[in-house]
Enquirer: 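So that we are looking at the same thing, I have put the structure below in structure tokens.
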Amino acid sequence: MKFIKFLLVGIFFGIVLTKSEAVSWYRIYEMFRFQSFHMYGIIGTAIASGVLFLQLAKRGTIKSIKGADIFVPKKDKSIARYIIGGTIFGLGWALVGACPGPMYILLGAGYYTIAIVIIAAIIGTFIYGVVKNKLPH
Amino acid sequence: MDYILSPWPWYVSGPLIALVMALLLYFGKTFGMSSNLRTMCSIMGADKFSDFFKFDWKSQMWNLTVVLGAIIGGFIATHYLSDNSVIDLNPQTVAELQQMGFENAGATLVPNEMFSLEAVSSVKGLLLLIIGGLLVGFGTRYAGGCTSGHAITGLSSLQLPSLIAVIGFFVGGLIMANLILPLIF
């Protein structure tokens, strides 16, 4: 039963991303063509709210459920992996119009062929794991 | 009820996505959806091929539960919380897509021209989804995160690596939408 809260968060996440249309291929296309403010508004207000939350957490105003400090783990320092990996992801994101959250949400929304994208994404992650040590990081 | 059933504006949606991140941090976890792809590789035995997949995947069960919830959430939102309104796209986008062969842009969440059974039954249609998926799976893991981990969580915690990653997301996305998609369609 300790997983029920994560199930609920997931359901909420799925509903929000569907109702905001962020799971729509069209919205992603429109964003990358700079033809709408919608997605920029979503991402912008999400980050602004996130910054506010994490600043409150940093000051200790908000603690975790166990009373511990809330913090985000620091990402490794690098430029190559972020710019190259990020660009590769961006190419795929704009092609299939879905990132790794929306893929699952679209499956639930009844667009079953997205399963092809999910399986390919799992294989893509597998390929990364195998060739990882040969790539610049 | 109309407010729930009609599409939610960006200024409501954005803070609610931040709330998802906040809740996961409150529960002692982090917001990162692409990590699940790695977990699924490990579950299916990828640890035999690379040490990258050697980790205690059971510790990630909570995140797979979020995935399960997201699937259910997508179902609930489309079946019970939707008025089936057409996505209010920029008319210019709709016209542009029509010229590329996309009919009724915005009537569904994803274009039939790419995701219908008919579309994926063609070699080209199938390849597009496979290539797109491979790029997403490979790229997110190489970059160490996706939209949730870098764009939302990473930028909210003011981390430079995430800013670099998000710039990468946009470089790739802009190239695909502006230069490659017009060649494909």
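Reminder, nothing fancy here: chain letters follow the sequence lines and each chain counts from 1. As the structure is a computational prediction, the values presented were derived from the model and not from experiment.
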Enquirer: Give, as side chain, backbone, both or neither, the part of A/Met103 having an atom under 4.5 angstrom from any heavy atom of chain B.
Expert: side chain
Enquirer: Is it true that a side-chain atom of A/Thr125 and a backbone atom of B/Gly137 form a donor plus acceptor pair closer than 3.5 Å?
Expert: yes
Enquirer: When heavy-atom pairs shorter than 4.5 Å are enumerated against chain A, which of B/Val94, B/Leu163, B/Asp88 gives the highest number?
Expert: B/Asp88
Enquirer: Heavy-atom distance under 4.5 Å to chain B: side chain of A/Lys19, backbone, both or neither?
Expert: both
Enquirer: Below 4.5 Å, heavy-atom pairs only: which of A/Ser24, A/Cys99, A/Ala57, A/Gly97 has the largest tally toward chain B?
Expert: A/Ser24
Enquirer: Drop me the distance from B/Ile164's CD1 to A/Ile79's CD1, to the nearest 0.5 angstrom.
Expert: 5.0 Å
Enquirer: For the interface with chain A, which of B/Gly74, B/Ser6, B/Gly139, B/Ser156 has the highest count of heavy-atom pairs at distances below 4.5 Å?
Expert: B/Ser156
Enquirer: Under a 4.5 Å heavy-atom cut-off, does chain A meet the side chain of B/Thr108, its backbone, both or neither?
Expert: both
Enquirer: What part of A/Tyr26 gets closer than 4.5 Å to chain B, counting heavy atoms only: side chain, backbone, both or neither?
Expert: both
Enquirer: Need one label for B/Leu64: side chain, backbone, both or neither, based on atoms under 4.5 Å from any heavy atom in chain A.
Expert: neither
Enquirer: Specify the closest pair of heavy atoms between B/Leu129 and A/Thr113, including all atoms of both residues, with the distance to one decimal.
Expert: CD1-O, 3.9 Å
Enquirer: Among A/Tyr112, A/Phe71, A/Tyr40, which residue has the highest count of heavy-atom pairs closer than 4.5 Å to chain B?
Expert: A/Tyr40
Enquirer: Is a donor on one side and an acceptor on the other found under 3.5 Å between the side chain of B/Ser50 and the backbone of A/Gly129?
Expert: yes
Enquirer: Could you tell me which portion of B/Phe53 (side chain, backbone, both or neither) has an atom closer than 4.5 angstrom to a non-hydrogen atom of chain A?
Expert: side chain
Enquirer: Of all the heavy-atom pairs spanning A/Gln35 and B/Thr93, show the shortest one and how long it is.
Expert: OE1-OG1, 2.7 Å
Enquirer: Let's go through B/Thr147 and A/Trp93 carefully: what are the C-alpha distance in whole Å and the side-chain angles of both, what is the deciding distance for side-chain contact (heavy atoms from CB on, under 4.5 Å) to 0.1 Å, and is it a yes or a no?
Expert: CA-CA 10 Å; B/Thr147 330; A/Trp93 186 18; 3.9 Å; yes
Enquirer: Distance from B/Leu128 atom CG to A/Ile116 atom CD1, nearest 0.5 Å?
Expert: 11.0 Å
Enquirer: Please classify the contact between A/Lys63 and chain B as side chain, backbone, both or neither, with a heavy-atom cut-off of under 4.5 Å.
Expert: backbone
Enquirer: Select one option (side chain, backbone, both, neither) describing which atoms of B/Met44 are under 4.5 Å from chain A's heavy atoms.
Expert: side chain
Enquirer: A/Leu17 versus chain B, heavy atoms under 4.5 Å apart: side chain, backbone, both or neither?
Expert: side chain
Enquirer: Checking A/Pro102 against chain B: side chain, backbone, both or neither under 4.5 Å from a heavy atom?
Expert: neither
Enquirer: Looking only at heavy atoms, which two atoms of A/Gly50 and B/Met21 are closest? And how far apart?
Expert: CA-CE, 3.7 Å
Enquirer: Drop me the distance from B/Ser82's OG to A/Ile15's CD1, to the nearest 0.5 angstrom.
Expert: 12.0 Å
Enquirer: Can you give me the closest heavy-atom contact between B/Gln159 and A/Pro73, atom names plus distance?
Expert: NE2-O, 3.1 Å
Enquirer: With rounding to the nearest 0.5 Å, note down the distance linking CE in B/Met114 to CH2 in A/Trp25.
Expert: 6.5 Å
Enquirer: Is it the backbone or the side chain of A/Ala48 that comes under 4.5 Å from a heavy atom of chain B, or both, or neither?
Expert: neither
Enquirer: So for A/Asn133, is it side chain, backbone, both, or neither that comes closer than 4.5 Å to the heavy atoms of chain B?
Expert: neither
Enquirer: Using the side-chain contact (heavy atoms from CB on, under 4.5 Å) rule, take B/Leu25 and A/Phe53 through it: C-alpha gap first, then chi angles, then the decisive distance, then the call.
Expert: CA-CA 10 Å; B/Leu25 286 167; A/Phe53 172 78; 3.9 Å; yes
Enquirer: Please classify the contact between A/Leu54 and chain B as side chain, backbone, both or neither, with a heavy-atom cut-off of under 4.5 Å.
Expert: side chain
Enquirer: Find the distance between OG (B/Ser157) and CD1 (A/Ile70) and round it off to the nearest 0.5 Å.
Expert: 13.0 Å
Enquirer: Looking at B/Gly132, B/Ser13, B/Ala18, B/Gly173, which one has more heavy-atom pairs under 4.5 Å with chain A than the rest?
Expert: B/Gly173
Enquirer: Where does B/Leu97 contact chain A at under 4.5 Å (heavy atoms): side chain, backbone, both or neither?
Expert: side chain
Enquirer: Identify which part of A/Leu7 has an atom lying under 4.5 Å from any heavy atom of chain B, answering side chain, backbone, both or neither.
Expert: both
Enquirer: Examine whether an atom of B/Leu181 lies under 4.5 Å from a heavy atom of chain A, and if so say whether it belongs to the side chain, the backbone or both; otherwise answer neither.
Expert: side chain
Enquirer: With a 4.5 angstrom heavy-atom cut-off, is it the side chain or the backbone of B/Ile184 that approaches chain A, or both, or neither?
Expert: side chain
Enquirer: Checking A/Leu52 against chain B: side chain, backbone, both or neither under 4.5 Å from a heavy atom?
Expert: neither
Enquirer: Quick one: does any side-chain atom of B/Asn178 pair with a main-chain N or O of A/Phe32 as donor and acceptor, under 3.5 Å?
Expert: yes
Enquirer: Is the gap between the ring centers of A/Phe89 and B/Tyr142 under 6.0 Å?
Expert: no
Enquirer: Tell me, side chain or backbone of B/Phe169 under 4.5 Å from chain A's heavy atoms, or both, or neither?
Expert: both
